[in-house]
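A short write-up of the structure that comes next.
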2 protein chains.
Amino acid sequence: MVREITDIARTHLARDGAAGLSLRAVAREMGMASSAIHRYFPTKDDLLTALIIDGYNAIGDAAEASQQGQDPTGRWLALCHAVRDFALERPHEYALLYGSPVPGYQAPADTIAPAMRTTLVYGRIISDARPVSPVAVPPPAVLGPDVEALRSVMPGVSDEVVTPALTAWTALFGAVSFELFGQFGDTITHRREIFDHGMRSLARYLGL
Amino acid sequence: MVREITDIARTHLARDGAAGLSLRAVAREMGMASSAIHRYFPTKDDLLTALIIDGYNAIGDAAEASQQGQDPTGRWLALCHAVRDFALERPHEYALLYGSPVPGYQAPADTIAPAMRTTLVYGRIISDARPVSPVAVPPPAVLGPDVEALRSVMPGVSDEVVTPALTAWTALFGAVSFELFGQFGDTITHRREIFDHGMRSLARYLGL
DNA sequence: GCTCGTCAAGAGCACTGCTCTCTTTTCTGT
DNA sequence: ACAGAAAAGAGAGCAGTGCTCTTGACGAGC
């Protein structure tokens, strides 16, 4: 039952986006009274949470599947394209995960574990490669605890590389979001190629 | 009149976000009938467009004001912090400008000129500095037209640097969005410092 | 056989964007 | 100064939303 609701909700989400998702419309499509759906998902946020968890798991699957034993740069590029392909195929789900949060929605704790899956794929790449960034500089002392926290995702990586690695990670999502959210307008025509070139240059930035 | 409506709408936007913005609530606060507001903004999208244009101009103002004749790296850092400060001060407006687009809304053409203001500030920095990136590689031939289009924002910059410059630009917004949209959770405590360190490393990546 | 908990339905509340009609106000041209 | 036109606002109404509360069906356990 929950499965059927989330499946229908996902198709509505894919079509209309998170804000256009309507519990009543889902109920209608199931031939159910609008009130009955609240038995399974008491509030719309609960349904959104389920979709968010599914979404993180879907992109986590894609991220993990992209890692087929290449060299670090190949794995990094594969991960980048996995994220971008997911975003292009399921834009509304990507927006739900990495875009502006829907107002009033507070992500519960059980979303963070699925969200970490994709991050951990990245962490493993960096951790395995132990890159030496050509432009890295040691982080200031205040950042000690934060560097330590970040290193738990990429064990064994030196202080100098942990922070550029974070920057590259956010840069990936910045590039995807910029493209997906229409910031490029129509200035860029070969989007995949320019994305690929940008991610390759980030690999060199990291020293992969 | 239009001014008063947008002012009130902006306070509502700051409080409730774009999706929570209600024409009726704005009308109520003005002591007006809900229908009367449609005379000034026929549709909610029109009001959003006005807010978006104002928002782009506000961040454009901040970006331009940050450029006080330092060296290129200083100007780049000042621009980064101007963007980040704007995002932290007016998160819902930032989300409206650079976050996931509100569903069904199609940005009209008159938003792109204000949007370009901030981009042009960046373009001038790169154009003035003509950096030589230590990790740059010439873009593939297919990207010729795109590189040309990008160069119109940063005249005189070499092919090798145009694409990393785009990557750094999207990386800036990726870092701000990650922080603002809660992707860091509570792993990062010194957010300003880690942002600053990341943007400095991007400056070296660009060869500024 | 009879309770009792689960599931679904229906009605209803308060809210939304938007349209239509009707009235009032304001401005303009003579 | 005054009549007419144009603009501005009010009100009712439609279709839709999330969510709550109450009522009815149905099957399992005592």
Side-chain angles (χ1 to χ4, degrees), chain A residues 1-55 92-93 95-96 99-108 111, chain B residues 1-55 92-93 95-96 99-108 111:
Chain A
M1 207 68 187
V2 165
R3 187 88 222 148
E4 189 178 347
I5 294 177
T6 54
D7 283 348
I8 295 182
R10 202 184 339 276
T11 71
H12 287 204
L13 173 66
R15 188 159 27 84
D16 306 318
L21 179 62
S22 151
L23 291 182
R24 294 178 107 113
V26 174
R28 217 172 310 151
E29 189 164 329
M30 295 184 62
M32 224 179 177
S34 67
S35 54
I37 212 147
H38 289 278
R39 194 166 296 274
Y40 303 96
F41 294 96
T43 198
K44 193 182 172 182
D45 282 3
D46 295 311
L47 179 55
L48 276 184
T49 299
L51 292 175
I52 287 174
I53 291 177
D54 285 0
H92 289 117
E93 278 188 80
L96 189 60
S100 11
V102 326
Y105 177 79
Q106 195 63 341
T111 63
Chain B
M1 207 69 190
V2 165
R3 186 88 223 149
E4 189 178 348
I5 294 176
T6 54
D7 283 348
I8 294 182
R10 202 184 339 276
T11 70
H12 287 205
L13 172 66
R15 187 158 29 86
D16 307 317
L21 179 62
S22 151
L23 291 182
R24 294 179 108 114
V26 173
R28 217 170 312 153
E29 188 164 329
M30 296 184 61
M32 224 178 176
S34 68
S35 54
I37 212 144
H38 289 278
R39 200 166 291 276
Y40 301 96
F41 293 96
T43 199
K44 193 182 171 181
D45 282 3
D46 296 311
L47 178 55
L48 275 183
T49 299
L51 291 175
I52 287 174
I53 292 178
D54 285 0
H92 288 118
E93 278 189 81
L96 189 60
S100 12
V102 326
Y105 176 79
Q106 194 63 340
T111 63

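In what follows, every chain begins at residue 1, and chains take the letters A, B, ... in the order their sequences are listed.
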Output for pair (A:Asp54 CG, A:Thr111 OG1), nearest 0.5 Å, gives 12.0 Å
Evaluation steps, side-chain contact (heavy atoms from CB on, under 4.5 Å), between B:Val102 and B:Leu96: CA-CA 8 Å; B:Val102 326; B:Leu96 189 60; 4.0 Å; yes
Interatomic distance where NZ belongs to B:Lys44 and C1' belongs to C:dC15 [whole Å]: 12 Å
B:Met32 CE to D:dG11 P, straight-line distance once rounded to whole Å: 13 Å
How far does CG of A:Leu48 sit from OG1 of A:Thr43, to the nearest 0.5 angstrom? 9.0 Å
Show me the donor-acceptor pairs, under 3.5 Å and distance only, between side chains in residues 24-42 of chain B and residues at least two apart or in other chains.
| residue | atom | partner | partner atom | Å |
| --- | --- | --- | --- | --- |
| B:Glu29 | OE1 | B:His12 | NE2 | 2.7 |
| B:His38 | ND1 | B:Pro42 | O | 3.0 |

Nearest-neighbour nucleotide for the A:His38 side chain, D:dT20, C:dA9, C:dT16 considered: D:dT20
Mind running a 4.0 Å heavy-atom check of residues 1-24 of chain B against DNA chain D and sending the residues that fall below it, in number order? B:Met1, B:Arg24
Taking atom P of C:dT19 as reference, at what distance in whole Å does atom CG of B:Asp46 sit? 10 Å
Shortest side-chain distance from B:Tyr40, nucleotide among D:dA8, C:dG17, D:dA10: D:dA8
Return the value, rounded to whole Å, for the distance between atom CZ of B:Arg28 and atom P of D:dA10. 14 Å
Could you tell me how far apart A:Ile37 (CD1) and C:dG10 (P) are, to the nearest whole angstrom? 15 Å
Rounded to the nearest 0.5 Å, how far apart are OG1 of B:Thr6 and CG of B:Leu13? 11.5 Å
The residue, A:Ser34 or A:Arg39, whose nearest nucleotide of DNA chain C is more 5′ is A:Arg39
Quick one: CG on B:Leu21 to CD1 on B:Ile8, what's the gap to the nearest 0.5 Å? 11.5 Å
Here the gap from B:Leu51 atom CG to B:Leu47 atom CG, rounded to the nearest 0.5 Å, amounts to 4.5 Å
Within this structure, what is the CD-to-P distance between B:Glu29 and C:dT16, rounded to whole angstrom? 13 Å
Minimum heavy-atom distance B:Arg10-B:Arg3, with the two atoms named: NH2-NH2, 3.9 Å
Separation of atom CG in A:Leu48 from atom C1' in D:dG18, rounded to whole Å: 12 Å
When the C1' atoms of the five terminal pairs at each end define the local axes, what inter-axis angle does the helix from C:dG1-D:dC30 to C:dT30-D:dA1 show, to 10 degrees? 10°
